[in-house]
Amino acid sequence: MRACGVTEAGGRVRALELPDPGPPGAGQVVVAVEAAGVGAWDRLLHTGGWDVGLVPPAALGVEGTGRVIATGEGVEEPADGDAVLVHEAPLPGGSGFWAERVLLTAEALTRRPDDLDPETAAALPVAGLTARQAIDLLSLEPGQRLLITGGGGVTGSLALQLAVAAGLTVSTTASESSARRLHELGAAEVADYHDRGWTTRLEGGFDAALVAAEGTAVEAMGLVRDGGLLCSLTSDAPPPRRDVASTNLYVRPDPAQLAALADDVVAGRLRLTPEAMPLAEGPSALSRVAAGRAGGRKLVLLP
């Protein structure tokens, strides 16, 4: 089958021909991939930064959507032909979603709503779950103030929308070109991160900060009130000070949360802007995402 991944740990990401997944074991399914998400985290999969059980030669990717084509012993749901949506890590078959087919754990899957197209569905799992889990961790009350750095990115913009829906007053950093879009999504303030003095453009005393842009955690900490909370999605939470709790968050698979997020997208409560690319362009897609050149769009690969 066609795939995109690596032949060795730390190797160059490229187009591959891989064997089909083996027959699904008990509690497993094989899914024909219709679209797979690309994220900055994918560069960590084969370098040891995120151990998802990859066994090269293997496809990258930990999120996607498709249809079940084979089920193992004991699997009643989903059934053959069902459209599903999933983020799974570790990968039970040692190979990921950037391929025509992938072996998955049945319990990790959620049904894809009929009105959710594959490209948008594949854009949702990791970014959506990260945003949802971060907002839940912050546990703020309606009317409280939240700073999000990197609100123009996929995860940051989803977190912004979830925070606004929860009644929070949200300020964010982003490029000037993203300001109008983020105001439309509910941001009260948008500070241009290209401005070295962006911290002075925002009124401090935030109840919490959500760091979704690398290299902004220290500045964000300075804008949080004493006794507030900082949550970093970029693994760089500063040491706690001024009674500001500081923590790193790492996404965890959660089919129930993912199902709720998918319903929010279908209902128009969450907005995503995917950009579809052919599977063979996986290396360039990953390079664009890693360099921050996706323009706030979620890149997805189509086998």
Side-chain angles (χ1 to χ4, degrees), residues 1 3 5 18 20-39 41-42 44-46 50-55 58-114 116-134 136 154-155 158 249-266 270 272 274 298 300-301 303:
M1 67 176 179
L18 295 177
D20 284 346
Q28 296 180 330
V29 301
V30 175
V31 169
V33 178
E34 295 177 331
V38 180
W41 47 84
D42 287 301
L44 304 175
L45 301 187
H46 66 295
W50 186 9
D51 184 5
V52 298
L54 207 69
V55 183
L60 299 184
V62 293
E63 60 181 335
T65 186
R67 291 190 180 272
V68 175
I69 58 173
T71 59
E73 181 182 353
V75 177
E76 296 181 0
E77 293 286 342
D80 285 2
D82 285 349
V84 294
L85 175 62
V86 61
H87 160 49
E88 184 162 16
L91 298 162
S95 190
F97 289 79
W98 296 8
E100 293 181 290
R101 288 168 289 281
V102 63
L103 179 68
L104 299 167
T105 305
E107 291 184 348
L109 306 177
T110 188
R111 287 184 178 273
R112 188 179 78 212
D114 293 339
L116 186 60
D117 64 90
E119 291 86 352
T120 305
L124 181 62
V126 174
L129 287 171
T130 302
R132 176 75 276 165
Q133 291 165 16
D136 289 349
V154 178
T155 304
L158 288 171
L249 182 139
Y250 301 98
V251 65
R252 66 181 187 280
D254 190 314
Q257 283 186 338
L258 184 54
L261 290 165
D263 288 342
D264 285 340
V265 174
V266 171
L270 280 180
L272 276 167
K298 175 71 174 189
V300 299
L301 301 177

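Everything quoted here is computed from the prediction, not taken from an experiment.
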Visitor: Can you tell me if H87 uses its side chain to pair, donor with acceptor, with the backbone of V62 under 3.5 Å?
Guide: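 Yes, because the side chain of H87 sits within donor-acceptor range (under 3.5 Å) of the backbone of V62.
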Visitor: What is the distance from atom CZ of R101 to atom CG of L18, rounded to the nearest 0.5 Å?
Guide: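 CG of L18 is found 10.5 Å from CZ of R101.
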Visitor: Determine the minimum heavy-atom distance between A262 and L116, stating which atoms define it.
Guide: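 Looks like CB-CD2, 4.0 Å.
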Visitor: Given side chains that start at C-beta, do those of L60 and L54 come closer than 4.5 Å, heavy atoms only?
Guide: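 In contact.
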Visitor: Looking at R252, is its backbone amide N or carbonyl O close enough to the side chain of Q133 to form a donor-acceptor pair, meaning the two atoms are under 3.5 Å apart?
Guide: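 Yes; judged by distance alone, with no hydrogens or angles, the pair exists.
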Visitor: For L104 and F97, what are the C-alpha separation, side-chain angles and deciding distance, and is it a side-chain contact (heavy atoms from CB on, under 4.5 Å)?
Guide: CA-CA 10 Å; L104 299 167; F97 289 79; 3.5 Å; yes
Visitor: Rounded to the nearest 0.5 Å, what's the gap from OG1 on T110 to CD on Q257? Could you check?
Guide: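 These two atoms lie 11.5 Å from each other.
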Visitor: Do you know which two heavy atoms are closest between V154 and A127, and how far apart they sit?
Guide: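 Here V154 and A127 meet closest at CG1-CB, 3.7 Å.
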Visitor: For the atom pair CG (D82) and CD1 (I69), what is the distance rounded to the nearest 0.5 Å?
Guide: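 Answer rounded to 0.5 Å: 13.0 Å.
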Visitor: Can you tell me how far the CG atom of L124 sits from the CG atom of L129, to the nearest 0.5 Å?
Guide: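 CG of L129 is found 7.0 Å from CG of L124.
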Visitor: Report, as yes or no, whether the 6.0 Å neighbourhood of atom CD on E77 holds more than 12 heavy atoms from other residues, nucleotides or ligands.
Guide: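 Yes, because the 6.0 Å sphere around CD of E77 holds more than 12 heavy atoms from other groups.
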Visitor: Check whether any side-chain N or O of T71 sits under 3.5 Å from a backbone N or O of A79 as a donor-acceptor pair, and report yes or no.
Guide: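 Answer holds: no.
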Visitor: For the pair E100 (side chain) and M1 (backbone), establish whether a donor and an acceptor sit closer than 3.5 Å, ignoring hydrogens and angles.
Guide: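 Side chain of E100 to backbone of M1, a donor-acceptor pair under 3.5 Å: no, none is there.
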Visitor: Considering non-hydrogen atoms only, spot the tightest contact between T155 and A131 and give its length.
Guide: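 Closest approach of T155 to A131: O-CB, 3.9 Å.
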Visitor: Using every non-hydrogen atom in the two residues, find where A35 and P303 come nearest and quote the distance to one decimal.
Guide: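 Taking every non-hydrogen atom into account, N-CD, 4.2 Å.
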Visitor: Roughly how far, to the nearest 0.5 Å, is CG of L272 from CG of L158?
Guide: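 With rounding to 0.5 Å, CG (L158) is 5.0 Å from CG (L272).
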Visitor: Can you check side-chain contact (heavy atoms from CB on, under 4.5 Å) on R112 and R67, steps first, answer last?
Guide: CA-CA 9 Å; R112 188 179 78 212; R67 291 190 180 272; 3.9 Å; yes
Visitor: Which heavy atom in A3 sits nearest to a heavy atom in A99, and how many Å separate them?
Guide: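 In terms of heavy atoms, the two residues are closest at CB-CB, 3.8 Å.
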Visitor: Would you indicate whether the side-chain heavy atoms of W50 and V251 approach each other to under 4.5 Å?
Guide: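 Side chain of V251 against side chain of W50, heavy atoms only: contact under 4.5 Å found.
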Visitor: Once you round to the nearest 0.5 Å, how far does CH2 of W41 lie from OG1 of T130?
Guide: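 So the CH2 of W41 and the OG1 of T130 are separated by 6.0 Å.
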Visitor: If you take all heavy atoms of P78 and L109, which pair is closest and at what distance?
Guide: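 In terms of heavy atoms, the two residues are closest at CG-CD1, 3.6 Å.
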Visitor: Within the 4.5 Å heavy-atom criterion, are V102 and E88 side-chain neighbours or not?
Guide: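 Not in contact.
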Visitor: Is P113 close to D263 at the side-chain level, that is, under 4.5 Å between some pair of heavy atoms?
Guide: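 Yes. Closest side-chain heavy atoms under 4.5 Å.
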Visitor: Report all side-chain donor-acceptor pairs from residues 24-33 shorter than 3.5 Å, counting only partners two or more places apart or in another chain.
Guide:
residue, atom, partner, partner atom, Å
Q28, OE1, G25, N, 2.8

Visitor: Would you call L85 and P125 a side-chain contact if the rule is heavy atoms closer than 4.5 Å?
Guide: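 Touching, per the 4.5 Å side-chain cut-off.
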